Amino acid sequence: MKIPSSIWTLLIGIVLTLASLWYGQNHGLLPTAASDEAVLVDGLFNSMMTVSVGIFLIVEGVLIYSVFKYRRRAGDNEDGPPVEGNVPLEILWTAIPAIIVIGISVYSFDVYNEIGGFDPHAVHEAPINQSSMNMPGAAFAQRAGTALAATLTDTPPSTAPNLNQEKSDEAMQDPATAAVRNADQIPQLRNAPGVGSVAPTLGSSPDKAGQPASLAVNVTGLQYAWIFTYPETGITTGELHVPIGREVQINMTANDVIHAFWVPEFRLKQDAIPGRQSEIRFTPNKVGDYALICAELCGPYHGAMRSQVVVESQENFDKWMQKQLVASHETLNQAVAVNPANLTPDEFLAPYTKEMGIQPEILHQVHK
Amino acid sequence: MTQAQIQETANFPVRIDEPGARKWRDYFTFNTDHKVIGIQYLVTSFIFYCIGGVLADLVRTELRTPEVDFVSPEVYNSLFTLHATIMIFLWIVPAGAGFANYLIPLMIGAKDMAFPRLNAVAFWMIPVGGLLLVASLAVGDAPDAGWTSYPPLSLVTGQVGEGIWIMSVLLLGTSSILGAINFLVTLIKMRTPGMGVHQMPLFCWAMFATSALVLMSTPVLAAGLILLAFDLLAGTTFFNPTGGGDPVVYQHMFWFYSHPAVYIMILPFFGAISEIIPIHSRKPIFGYKAIAYSSLAISFLGLIVWAHHMFTSGIPGWLRMFFMITTMIIAVPTGIKIFSWLATMWGGKIQLNSAMLFAIGFVGTFVIGGISGVMLAAVPFDIHVHDTYFVVAHLHYVLFGGSVLGIFAAIYHWFPKMTGRMFNEFWGKVHFALTIVGLNMTFLPMHKLGMMGMNRRVAQYDPKFTLLNEICTYGAYILAVSTFPFIINAIWSWMYGEKAGNNPWRALTLEWMTTSPPAIENFDGFPVLATGPYDYGLERANEGVPLSDPNPLLSAGPNSVLRADPDEPYPTIESDLEQRVSGNKD
């Protein structure tokens, strides 16, 4: 078989290249890019799309062309030419894909490095400040043990010893292990060397290596909500607010089953795994409201586990933070004033559900 | 007489027995004829395909609207869990095993599989495992933790359903291990004398690679599932974080099987397509050795790509890079196959019958799945689309556009051999047209859905995705409708179809060198190998391809003992000893 070389081949090649280049930039398949990382990922995707469109057009083109050109004519019972192979051609079509995938790998490697995949500090520093996970409602958690309440751990202030570490040690020594253990007592293994308890994930990009992120937020996933705590101020919300242009570090864990933190506009996703801590860092760069979606199947109401990420200017962020501080004092007082043991879960959680972005119907279904 | 005609006349059995099944009832017995078992596999798996398809359409009906309004979210989760489990473990994998059972002994000129009873045992585990799984719907506690069954979720959903799921998958996995052992031994030990590995049809190469992969990976899944069962039923904490277990370890064990499982599902049909395309293009397969060895390469590389399912669950950065590169590299042997098929068609005399149309459809849609697979291997992009509809689209392009179209191509191609009758071509083409339209309509929009932000396994979604989801749902209905012409055509043609003759495609591989349907024990003695499997347009009269002995009795060969003539008394130990002692005296 001769590799066809003619003016037609050249023309088709040019048209294919132009079509691929055009579609690779104008596919419109991705949502807005709202973080610095998203821009990098989109660049990678656009190049892959360009190459893919080229390969797709070549393969489908040859396929359709062959079907029409080499269709068997009626009454023709002859065999085709006995071409069994062509070594140069085979080497060519082994080498080209190999080069393409190596190229994509190198590009991916570079993007991955840029978005912080190789941050060595991510492995060692996973400081979820336990006190910040404290929520007004802790007493309720002890009583009910339902899925939603299971998250509200009864943790003493930061000066006290690390309760989770104690639980973890205790669990290790208990011969009966967890057969009788409640799901709401998942020990959060922390900084335990060698057991991979701190999931190494996306840390800081190389140019910010070694610096702490300018804003840290702790995130807990639970059936079926996200709870955010801001360690600096101690406030707890159901909606993530971040200022534009500052690097945010999300420290996440889960209290019951695996959840995954996904903001499509940031192109970032990370599983929140019970018993582990993981973190991602990103820098939002577009003001707006984005959906935060749980991407890992976490139960029947998985689809309802959504929240908002609000990217806003620094002033608005500060204003919001002030408002939350006031509100959190109020709810705290309220929580202390009533005896939670006398309330149904729905009644008890009512003041929080709205700010956590949970629909009352879902809450009701969860507690059925 | 040409070599091909010599081959055909020489191999035609002298005495024509009926096929292994004389009555339809024989298909419901513990028959050990590989052809009966092959058809048992195919029909059983097709029934499960229909069940899985109904579940899929229920899932799509729920997703027609953004709200949860058709079934409850719990039932919805059971539906997609069962859909996936059935389609993988009860349709695609057993269908591949069905073709292998039917074709391997015929293609290599053997009388049966190496272990006929083991073969029947392996088959009968399938209906048992399948009924067990479907029965979980009846007890009202179907598994609903997804087919991946990740703990801790699988440990906190219904215990009965999850237990049934584990038991059923263990049974089906055992069946596929037993089948794989049988295929490997048959392929290695029972080829007709004169058939070297490079004269084996490519389907045999593909099944060799598949079986090796099954043997290496399935036991790991079994181990993972048994540990999961301990966690679920006995309160251990291998994977349960409440006692210090690690859910990520389960993911490693699960994907160590379940990624190779995709190759277990696609490799047999790569093999089938490599048979179909040269015959219906009337050209030798282009690059026989490249295709054969690329199957082995895929099988090997398939073992070291599993962690690309875990890019977001927190594995170290260097490990992500390793698995990214291995996953990308696997595109190279796959590409070799695709380009070789295109080159085989190029310049041929392509007969556009149903089998060839499905084969072309296979190549055309599999390419899309393959390309999106390379995209998914790129870690930064995978982090964005992991667990979204982009993945759903990708895997359906691979498994529906690949495996299922491959199964249909293979059914249309080998139907005349299996039944002795031709398929009705018109309804075959209707089936093809509906399938291609339905397939692309269902799965193409899912790429965009996933990238825009629709996560998978949800019963309710953002209303902005409604339009695309409606298109997908109507596509799924078209797919459902597309099976009707096939089913009716298959039954009608089996009973009343035009008689096929022994070799309607004028093919050169050995399965066409016997009667249709083949007699019990397939051939008389060892079949003659006068041509290579794909020597179309090529008369090798002067090249000295050896004709193997047309009437060998106990002639030396890899399988001479297995082929001992029953009429000749087998030497007893006494006579054997006597002979040796007297031999020594001399």
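What you see is a predicted model, and the numbers here were worked out from it, not measured in a lab. Excluded from the calculations below are hydrogen atoms, water molecules and symmetry mates; all remaining heavy atoms, backbone and side chain alike, are included.
Within the 4.5 angstrom heavy-atom criterion, atoms from both the backbone and the side chain of A:A98 approach chain B. Contacts of B:M356 with chain A are absent, with no heavy-atom separation under 4.5 Å from either backbone or side chain. Using a 4.5 Å cut-off between heavy atoms, B:Q251 touches chain A through its side chain atoms alone. With a 4.5 Å cut-off on non-hydrogen atoms, A:E90 touches chain B through its side chain but not through its backbone. For chain A, no part of B:T157 is nearby; none of its heavy atoms comes within less than 4.5 Å. With a 4.5 angstrom heavy-atom cutoff, A:E114 does not touch chain B via any of its atoms. No part of B:Y76 comes within reach of chain A, as not one of its non-hydrogen atoms sits under 4.5 angstrom from that chain. Using a 4.5 Å cut-off between heavy atoms, B:A377 does not touch chain A at all. Looking at B:P333, neither its backbone nor its side chain comes within 4.5 Å of chain A, counting heavy atoms on both sides. Contact annotation for B:A378: both backbone and side-chain heavy atoms come within less than 4.5 Å of a heavy atom of chain A. Residue contact with chain A, scored on non-hydrogen atoms closer than 4.5 Å, involves the side chain of B:R506 exclusively. When heavy atoms are compared at a cutoff of 4.5 Å, B:I285 approaches chain A solely by way of its backbone atoms N, CA, C and O. Interface remark: B:V68 contributes no atoms to any contact with chain A (heavy atom separation under 4.5 Å). Looking at B:S78, neither its backbone nor its side chain comes within 4.5 Å of chain A, counting heavy atoms on both sides. Using a 4.5 Å cut-off between heavy atoms, B:F366 does not touch chain A at all. Of the two parts of B:L449, neither the backbone nor the side chain holds a non-hydrogen atom closer than 4.5 Å to a non-hydrogen atom of chain A. Contacts between B:M345 and chain A at a heavy-atom distance below 4.5 Å involve backbone atoms as well as side-chain atoms. For chain B, the nearby parts of A:L29 are the backbone and the side chain; heavy atoms of each come within less than 4.5 Å.
A ring-centre distance under 6.0 Å is found for B:Y397 and B:H447.
Between B:W341 and B:F362, the ring planes lie perpendicular to each other; the angle is over 60°, past the 30° to 60° tilted range. Between B:F339 and A:W93, the two ring planes are tilted [angle within 30° to 60°].
For the set B:L352, B:V374, B:D382, B:I325, the count of heavy-atom pairs under 4.5 angstrom toward chain A peaks at B:L352. With chain B as the partner, the residue from A:V67, A:L268, A:I102 showing the most heavy-atom pairs under 4.5 Å is A:V67. When each of B:M324, B:M310, B:M375 is scored by its heavy-atom pairs under 4.5 Å with chain A, the top score falls to B:M375. Listed options A:D76, A:V87, A:I96 were ranked by heavy-atom pairs under 4.5 angstrom with chain B; first place goes to A:D76. Here A:I104 is the residue among A:I100, A:I104, A:I115, A:N113 with the most heavy-atom pairs under 4.5 Å with chain B. Comparing A:I293, A:V263, A:I280 by how many heavy-atom pairs each has under 4.5 Å with chain B, the most go to A:I293. Comparing A:G299, A:P300, A:A272 by how many heavy-atom pairs each has under 4.5 Å with chain B, the most go to A:P300. Heavy-atom pairs under 4.5 Å with chain B were tallied for A:A260, A:A291, A:P97, A:P81; the largest tally goes to A:P81. Between chain A and the residues B:V332, B:V385, B:I383, B:V248, the most heavy-atom pairs under 4.5 angstrom are made by B:I383.
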Donor-acceptor pairs under 3.5 Å, side chain of residues 49-66 of chain A to any protein atom, not counting sequence neighbours: which ones?
from, atom 1, to, atom 2, distance (Å)
A:T50, OG1, A:N46, O, 2.8
A:S52, OG, A:M48, O, 2.6
A:S66, OG, A:V62, O, 2.7

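In this structure B:Y250 satisfies the side-chain hydrogen bond (donor to acceptor under 3.5 Å, both in side chains) test with no other residue, sequence neighbours excluded.
Once rounded to the nearest 0.5 Å, the distance linking CE of B:M446 with CG of B:L468 reads 10.5 Å. The line from CE of B:M454 to CZ of B:F390 is 15.0 Å long, rounded to the nearest 0.5 Å. Note that CG of A:D256 and CG of B:L153 are 9.0 Å apart. Values are rounded to the nearest 0.5 Å. In this structure, NZ on B:K283 lies 9.0 Å from CD1 on B:I350, to the nearest 0.5 angstrom. Distance check: B:Q460 CD to B:L63 CG gives 10.5 Å after rounding to the nearest 0.5 Å.
Using a cutoff of 4.0 Å between basic side-chain nitrogens and carboxylate oxygens, A:R306 and B:D462 are scored as salt-bridged. Remark: A:D79 does not engage B:K349 in a salt bridge, criterion side-chain N to carboxylate O under 4.0 Å.
Around the CZ atom of B:F230, the shell of radius 6.0 Å holds no more than 12 heavy atoms that belong to other residues, nucleotides or ligands.
B:H384 pairs in a ring-ring contact (aromatic ring centres under 6.0 Å, His included) with only one of the listed residues (A:F266, A:F45, A:W262), which is A:W262.
For the 3.5 Å distance criterion, the side chains of B:T236 and B:D231 qualify, holding a donor opposite an acceptor.
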What's the verdict on side-chain hydrogen bond (donor to acceptor under 3.5 Å, both in side chains) for B:R282 and A:N77, showing C-alpha distance, side-chain angles and the deciding distance?
-> CA-CA 9 Å; B:R282 306 306 308 165; A:N77 282 329; over 6 Å; no
